[in-house]
Amino acid sequence: MKNNRITRRFFIGSGLVGTFSLLNIKKSWARREELKIPVGMQKSETVKDDSYILKIHGNPKSIQLLQVTDIHFNPYRRDKKIDDTTKDIVKKLLDITQPHLLSVTGDVWNENAFGRGLMYLEQAVEFFGSLSIPWFYTWGNHDILGDYSKGHDLLASAKNSMYRGGINMGNYQVIVENESNQKLWRFVCLNTNNYGLMEEQRKWLELWSSKNINISIPTFMACHIPVYQYHTIWENKIASGVKFEKVCFEKEQGESLAYIKKIPGLKACICGHDHVNDYSGVIEGVDLIYGRATGKGGYGSDYVPKGGKLYSLYPSTGEYEWVSVTPNNKRWYPTKGTQIEKKEELPWLNELEEK
Ligand SMILES: [Fe+2]
């Protein structure tokens, strides 16, 4: 392990020490046990459909998707400016990139200490709803609630939200259509809960794929926690980009890719979770892509500047391209075959924040 690698244990540990007394650390760990209840154990009371159709005007040559991830809002953080800065980053990225839709791939708030999870979620959906852009969301491991039924409903009823995960454990799809009802692109949104894509998501995926076998639209899968093969593509030098931490695939051990591959029309999988990894590579026909971490409340801006990832999707050919974007409109895409693991080799070394 190299000295300049950051571990998730470091992040979680330092966050707790800074925020809670010793007594509350114990309480916090007890609450983390609640995470073992998968989001899908509670269903929405009102949402009955697991698909959202987004109509876009005209017939654009490409669809622009902006992905933001690992937002880490925490209104109770001592430094109140941090969340405002994160909101500014998201707004600036939208201004710069002018996308058709926004993807928020999890870790939007900061757990459920003192039962505050629902309030964090309310504030988050108010913010994303105010951005005047259709947005979809996937659950992150820090997005914890006491009552997931209310969470599903809040997410589905939020302004401009395309969330439809209320009846299928947080799993759903978004289909983009033009005015002639032609299906242009699809996003399969999966809830990786606390441990990655496990048995219940695989079962859902298998059933969903078999039902959609004849509907082959260019498709992205979106989720929070990477599958094991994000590790493989780096170690086997298939991937290009930057990597400063271990791939945190949690309990997923590589079995999920076989299920993911069955998604008709699948091109790529986009995720978050590991804030200082930004790379992509194709394995078994699936492009595994890390989003660029966005939230100032999360670790990593001393290695990888906070920003977002812009995807240009070309429905007529199924091709796509991505570029990472920072709020000062610097854009970065790795030269093929480049693998950066040393800080001094970073192209943005002069822009990094001190720890
Ligand atoms: Fe995460």
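Read the numbers this way: they start at 1 and go in the same order the structure lists the ligands and their atoms. We count residues from 1, following the sequence as given. Both backbone and side-chain heavy atoms feed into the values below; hydrogens, waters and symmetry mates do not.
Distance check: Ile175 CD1 to Lys183 NZ gives 5.5 Å after rounding to the nearest 0.5 Å.
Note on His142: not counted as a metal contact of the Fe ion (ligand 1), no N/O/S atom lying under 2.8 Å. At a cut-off of 2.8 Å, Asp107 is counted among the residues with an N, O or S atom near the Fe ion (ligand 1). Within the 2.8 Å limit, Cys248 places no N, O or S atom next to the Fe ion (ligand 1).
The Fe ion (ligand 1) forms the vertex of an angle spanning NE2 of His224 and OD1 of Asn141; to the nearest 10 degrees it equals 90°.
Figure legend: Arg292 and Trp348 shown as a cation-pi pair, the cationic atom lying under 6.0 angstrom from the six-membered ring centre and within 45 degrees of its axis.
Within the 4.5 Å cutoff, side-chain heavy atoms of Thr326 are placed close to those of Pro305.
The Fe ion (ligand 1) lies closest to atom ND1 when only the N/O/S atoms of His273 are considered.
More than 12 non-hydrogen atoms from other residues, nucleotides or ligands lie less than 6.0 angstrom from NZ of Lys55.
For the side-chain contact (heavy atoms from CB on, under 4.5 Å) criterion with Phe73, the lone passing option out of Leu121, Thr86, Asn110 is Thr86.
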